[in-house]
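This report concerns only the one structure given below.
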2 protein chains.
Amino acid sequence: MAAPARALAPSPESSARALGAKQDARRDQLAESALETLGELGYARTSLREIAAKSPFSHGVVHYYFASKSELIAYCVRYYKARCVTRYDAIVADSSTAEELRAAFAAKLAETLRDEAPMHRLWYDLRTAAYFEPDLREAVVEIDAGLEAMIWRIIERYADLARARPSFDSPTTYAVLDGLFESALTQATLGDPAAAGQRLEASAAAVLPTLISLHP
Amino acid sequence: MAAPARALAPSPESSARALGAKQDARRDQLAESALETLGELGYARTSLREIAAKSPFSHGVVHYYFASKSELIAYCVRYYKARCVTRYDAIVADSSTAEELRAAFAAKLAETLRDEAPMHRLWYDLRTAAYFEPDLREAVVEIDAGLEAMIWRIIERYADLARARPSFDSPTTYAVLDGLFESALTQATLGDPAAAGQRLEASAAAVLPTLISLHP
DNA sequence: CGACGATCTTGACACTCGTCAAGACTTTGT
DNA sequence: ACAAAGTCTTGACGAGTGTCAAGATCGTCG
């Protein structure tokens, strides 16, 4: 017996800093195994033993690094967020015309639908799970706000390049594009993945112009 | 011990017809209790015992009328669908101008968001649960198609009244409006319900005109 | 090298779940 | 009114869960 799970104590300096770093590294490693499992099985059907099975460790280790399942999930969710919110920043920075941005954005949407479907499924699963599990709400609201801001940056840039202005406010614009993406993800999962990618690229490219209006 | 759960035998005529009707009535009653529970707790957290607790019966009865949990869920899902797919038909039939339809549709969206939030939460929960549970897929795909057709009828009528044509195809149009609704449902559940209703009505009214285009 | 602390494994606990069976109760048919 | 069929309750089973604690193992430092 030794260190408590999720020791919050500042720890006695010296080698403790490196020690804390090692613990964080292990936590990240477990979070990756957890995300892999969550992406495959979904939130409700993922058990700690299943997560451990996808890692090099036994199920006790999970409880050694995380005080509870809720804490593990919260850690995973924030770990996941860090990667996805900057997904389109390069497109915003690199595009020099509205048409270029429109095509690049639609293509990138289809690409991430193809390459990261399990993570997207997990995200929508977590968001609806938050309807029923208050523990998840804080993290979900935070991520959703991050995604909305990400979309808004794209639309503002798109409007700028087109010498136009966004037609709708940020939440509405995000809701429209999120609807297109979730619809495509559903088709990709329950139907034809290849067709879903093509349809998403086409529908996003088609809808994008309606999200901005020419100057008054 | 007696009748098998979910007896599929044609049954010996005479009084069997009425008997089957009684069983169907009980099944419907259990389905209503189940839907109430599912709407409150969500799919993953709803147990047969919890469903029975919300009914006048004990947990054994559920297994008496349904061979398995999957069968109960499937029955519930179709029972639920019968009610929701015709929700906007009156609006389509009664509106005589595009503006009237637009306002009535936006108002009805906000109304059902307010009055039937648990059922809507359940629907989105089931749809994402289907990502991970193949048993649910058939029913989910069927309901989703029904909802898409429902929306398409509205948009076609709206376009007719406005002497215009739908801007996008049926799946895209449905995805856009579904995105608006899910976004509002999330705000209603995780944030401010009253604000969510107002925002949904406003955003739907604002987006609707972009879903049709003037004649060529 | 020996000891100590950190890390990991193993096994157990209390609980919930879907499923099922035995029997009690109710309704129906004759 | 009696018997048969239908209906419902009760209690149990095995499997799976999160949680936790005791001990084995490893690395590191005096």
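Per chain, numbering begins at 1; letters A, B, ... match sequence-line order. Small disclaimer: the values here were computed from a predicted structure and weren't measured.
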Starting from [atom2] on [N], measure out to [atom1] on [X] and report it in whole angstrom.
X: A:Arg45; N: C:dG18; atom1: CZ; atom2: P; value: 13 Å
X: A:Arg26; N: D:dC26; atom1: CZ; atom2: P; value: 14 Å
X: B:Ile51; N: C:dT16; atom1: CD1; atom2: P; value: 17 Å
X: A:Gln29; N: C:dT7; atom1: CD; atom2: C1'; value: 13 Å
X: A:His63; N: D:dC20; atom1: NE2; atom2: C1'; value: 6 Å
X: B:Asp135; N: C:dG18; atom1: CG; atom2: C1'; value: 14 Å
X: A:Glu50; N: D:dG18; atom1: CD; atom2: P; value: 10 Å
X: A:Lys69; N: C:dT16; atom1: NZ; atom2: P; value: 16 Å

Minimum-distance nucleotide (side-chain atoms of [X] versus [options]):
X: B:Gln23; options: D:dG18, D:dT7, C:dC8; result: D:dT7
X: B:Phe57; options: D:dT19, C:dT19, D:dT9; result: D:dT9
X: A:Tyr64; options: C:dT9, C:dT7, D:dT7; result: C:dT7

Count the heavy atoms belonging to other residues, nucleotides or ligands that lie under 6.0 Å from CD of A:Glu138, then report whether that count exceeds 12.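 Open.
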So for atom CD, which belongs to B:Gln198, do other residues, nucleotides or ligands contribute more than 12 heavy atoms lying within a distance under 6.0 Å?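 Not buried by this count: 12 neighbours or fewer within 6.0 Å.
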Close side-chain approach of B:Thr128 to A:Glu182, heavy-atom, < 4.5 Å: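 Yes; the side chains approach each other to less than 4.5 Å.
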Look at the side chain of A:Arg49 and the backbone N and O of A:His59, then say whether any donor-acceptor pair between them is shorter than 3.5 Å.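 Not confirmed, A:Arg49 side chain does not pair with A:His59 backbone.
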Any donor-acceptor pair under 3.5 Å linking the side chain of A:Arg153 with the backbone of A:Asp89?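 Checking the backbone N and O of A:Asp89 against the side chain of A:Arg153, no donor-acceptor pair under 3.5 Å is found.
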Contact list (N/O, under 3.5 angstrom) for nucleotides 10-14 of chain D vs protein:
| from | atom 1 | to | atom 2 | distance (Å) |
| --- | --- | --- | --- | --- |
| D:dG11 | O6 | B:His59 | NE2 | 2.7 |
| D:dA12 | N6 | B:Arg49 | NH2 | 2.9 |

OP1 or OP2 of D:dA5 under 4.0 Å from side-chain N/O of B:Lys22: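 The answer is no; no side-chain N or O of B:Lys22 sits under 4.0 Å from OP1 or OP2.
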Would the A:Tyr75 and A:Phe66 ring centres measure less than 6.0 Å apart?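 Yes, close enough.
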If the threshold is 4.0 Å, N to carboxylate O, is there a salt bridge linking B:Arg45 and B:Glu50?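 Not counted as a salt bridge, because no side-chain N and carboxylate O are separated by less than 4.0 Å.
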